[in-house]
Asks: 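First the structure, which I've put down as structure tokens, then a few questions once you've had a look.
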Amino acid sequence: MADIFAPAHAASAEPTPVRVQRQTASGVVALIIGIGVLLTIASMSAWASQGLIRDVVELCCYIAVAQMWNLLAGYGGLVSVGQQAFVGVAAYLMFVMAQLWGVNPFVAVLLAMIAPAILAVPTYGLLHRLDGPYFAIGTWVIAEVMRLATSVFGYVNAGAGMSLRVMTGYSADQRALGVSLLCALMLLLTVGGSYALLRSRYGLALIAMRDNPIAAASQGVNVGRVRFLLWVAAAMGTGLAGAIYFMAQLRITPPSAYDPNWANIAIFIVMVGGLGSLEGVLIGALIYFFADRWFGEYGATYLVVLGLLTLFMALFARGGIWGLICKVVDAPWFPTRRLLLEDKP
């Protein structure tokens, strides 16, 4: 019988030292590439054409909006189809501050995040009691209310929209430099900030909520508070993307500012790329961007194909393209897992 028991001295033996590994080789490579991409975007005014800058701005805005939606749906369980409400209010506040109040337009872009943050508080108070499709429909109703209210608000020229004429006071190079820096900052805040959040101790709460909200609550996670903070943060990030996008467009109208396509694009990017993953957002955004450029001329047929692709991924590949990649190779670009490694004596 002695062989099935540990030796008497085993109880006093020192435990095997372990360490936590947070970074991976693929993560280091991705970090270096990411820094290079941010620097490249920030310096676009020095080497890129105006057309290329507009394309990059559009792609960056898609990434930012999709990542904010990914945080809501992929971790908070909040499926919204009305994120265009935050796009519109931030963009309109930026136009008002820059065009009517005389605020520097590049500063106004950052200050415009106040509007979606303020809007997010009462809307969450109205919506947080709703679940599933009722929550989604509620977000769409709020976006439509904001569009209708803006369409009859004379201070912002109602349905006729506004033009950012103040930008004529800046040269083309100055405008390109400002927009490039703002785009780099937006990606740093939305993608980089999400990565930092997921690697923090609060990221453990988010991952627990994603896997099982009830179990997370039983372990002390304040699910309601975390969802509220996610809602406000996602509203601000979405609003920042809207302000930058319409600054580059130099004109805004209620139908364009509160266009439901903002939510549709975010849903397509996340569902095809991979729900609940930062890598999936980047993959999905690139797919949508180039598909829109190459096949957008086909109109309704093109949209039907995108919808069918989203449905196919939701039914047969819930993890999206990134999930399929992970089944073949385990090389995360944004490693958030904690791996325990034993240190051999």
Side-chain angles (χ1 to χ4, degrees), residues 37-38 41-42 44 53-74 78 80-98 105-120 139 143 146-147 164 175 178-195 197 230-270 273 278 280-282 284-286 288-289 292:
V37 170
L38 288 179
I41 293 174
M44 283 192 301
I53 291 177
R54 284 194 297 270
D55 288 342
V56 173
V57 168
E58 185 175 348
L59 175 60
C60 291
C61 290
Y62 290 159
I63 292 174
V65 172
Q67 177 51 35
M68 294 299 95
W69 193 89
N70 185 40
L71 277 181
L72 287 178
L78 302 174
S80 169
V81 294
Q83 292 304 95
Q84 61 270 21
F86 304 120
V87 172
V89 296
Y92 261 102
L93 180 59
M94 185 273 292
F95 270 68
V96 168
M97 287 192 294
F106 302 106
V107 176
V109 167
L110 301 177
L111 295 178
M113 288 190 291
I114 297 173
I118 294 175
L119 178 63
T139 61
M146 294 303 302
R147 181 184 65 82
L164 201 61
R175 294 197 299 268
V179 171
S180 300
L181 292 175
L182 286 172
C183 274
L185 177 61
M186 175 178 62
L187 290 182
L188 183 62
L189 291 177
T190 54
V191 179
S194 298
Y195 179 43
L197 175 64
L230 272 183
W231 178 253
V232 175
M236 296 177 67
T238 303
L240 176 61
I244 293 175
Y245 179 85
F246 284 101
M247 166 183 269
Q249 297 296 316
L250 300 177
R251 179 159 178 78
I252 188 171
T253 61
S256 62
Y258 300 100
D259 189 348
N261 274 336
W262 284 106
N264 297 339
I265 291 169
I267 293 171
F268 172 84
I269 289 174
V270 175
L278 299 177
V281 169
L282 300 181
L286 289 172
Y288 175 81
F289 179 78
D292 184 60

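Quick note: numbers below take in every heavy atom, side chains included, and nothing from hydrogens, waters or symmetry partners.
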Asks: For Tyr288 and Tyr62, I'd like to know if the aromatic rings sit close, meaning centre-to-centre distance below 6.0 Å.
Replies: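 Yes, close enough.
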Asks: At their closest point, which heavy atom of Val65 faces which heavy atom of Ala241, and how far apart are they?
Replies: CG2-CB, 3.6 Å
Asks: Tell me the closest heavy-atom pair linking Leu164 and Met94, and the distance in Å.
Replies: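 Between these two residues, the closest heavy atoms are CD2-SD, 4.3 Å.
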Asks: Give a yes or no answer on whether the side chain of Ser256 reaches the backbone of Ile252 with a donor-acceptor pair at less than 3.5 Å.
Replies: no
Asks: Could you please spell out the steps behind the side-chain contact (heavy atoms from CB on, under 4.5 Å) verdict for Leu119 and Met146?
Replies: CA-CA 10 Å; Leu119 178 63; Met146 294 303 302; 4.2 Å; yes
Asks: Report yes if some heavy atom in the side chain of Phe95 is under 4.5 Å from a heavy atom in the side chain of Met247; otherwise report no.
Replies: no
Asks: Taking the side chain as every heavy atom from C-beta outward, state whether Thr253 and Phe246 have any atom pair closer than 4.5 Å.
Replies: no
Asks: Compute the centroid of each ring, for Trp69 and then for Phe268, and state whether the two points are separated by less than 6.0 Å.
Replies: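 Between Phe268 and Trp69, which both carry aromatic rings, the centre distance is not below 6.0 Å.
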Asks: Any side-chain heavy atom of Leu181 within less than 4.5 Å of one from Phe106?
Replies: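 No, their side chains stay 4.5 Å or more apart.
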Asks: Looking at Ala117 and Met236, what are the two nearest heavy atoms and their distance?
Replies: CB-CG, 3.7 Å
Asks: Could you tell me the separation between the CG atom of Leu286 and the CD1 atom of Ile63, rounded to the nearest 0.5 Å?
Replies: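 Output value for this atom pair is 6.0 Å.
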Asks: Anything under 3.5 Å between a donor and an acceptor, one on a side chain of residues 81-93, the other on a protein residue two or more places apart or in another chain? List them.
Replies:
from  : atom 1 : to    : atom 2 : distance (Å)
Gln83 : OE1    : Ser80 : OG     : 2.9
Gln84 : NE2    : Val81 : O      : 3.4

Asks: Compare all side-chain heavy atoms of Val56 with those of Cys183 and state whether any distance is below 4.5 angstrom.
Replies: no
Asks: Could you give the distance from CE (Met113) to CD1 (Ile118), rounded to the nearest 0.5 Å?
Replies: 12.5 Å
Asks: Do Met186 and Cys61 come within less than 4.5 Å of each other through their side chains, counting heavy atoms only?
Replies: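 Heavy-atom side-chain distance check passes, below 4.5 Å.
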Asks: Of all the heavy-atom pairs spanning Leu187 and Cys60, show the shortest one and how long it is.
Replies: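 Nearest heavy atoms, Leu187 then Cys60: CD1-SG, 3.7 Å.
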Asks: Within this structure, what is the OG-CG distance for the pair Ser194 and Leu189, rounded to the nearest 0.5 Å?
Replies: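 Here the interatomic distance stands at 9.5 Å.
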Asks: Can you find a pair of side-chain heavy atoms, one from Leu278 and one from Val281, that are under 4.5 Å apart?
Replies: no
Asks: Identify the heavy atoms of Ala184 and Leu38 that sit nearest to each other, and give their distance.
Replies: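 The answer is O-CD2, 3.7 Å.
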Asks: Atom OH in Tyr195, atom CG in Leu188: separation rounded to 0.5 Å?
Replies: 13.5 Å
Asks: For the atom pair CD1 (Ile244) and CD (Gln249), what is the distance rounded to the nearest 0.5 Å?
Replies: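 Output value for this atom pair is 13.0 Å.
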Asks: Calculate, to the nearest 0.5 Å, the distance between atoms CD1 and OG belonging to Ile41 and Ser180 respectively.
Replies: 8.5 Å
Asks: Do Leu182 and Leu110 make a side-chain contact, defined as non-hydrogen atoms from C-beta onward lying under 4.5 Å apart?
Replies: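 In short, these two side chains touch, coming nearer than 4.5 Å.
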Asks: May I have the step-by-step check of side chain to side chain donor-acceptor pair (under 3.5 Å) for Thr190 and Gln67, ending in yes or no?
Replies: CA-CA 7 Å; Thr190 54; Gln67 177 51 35; over 6 Å; no
Asks: List the atom of Gly239, the atom of Pro116, and the distance in Å for their closest heavy-atom pair.
Replies: CA-CG, 4.1 Å
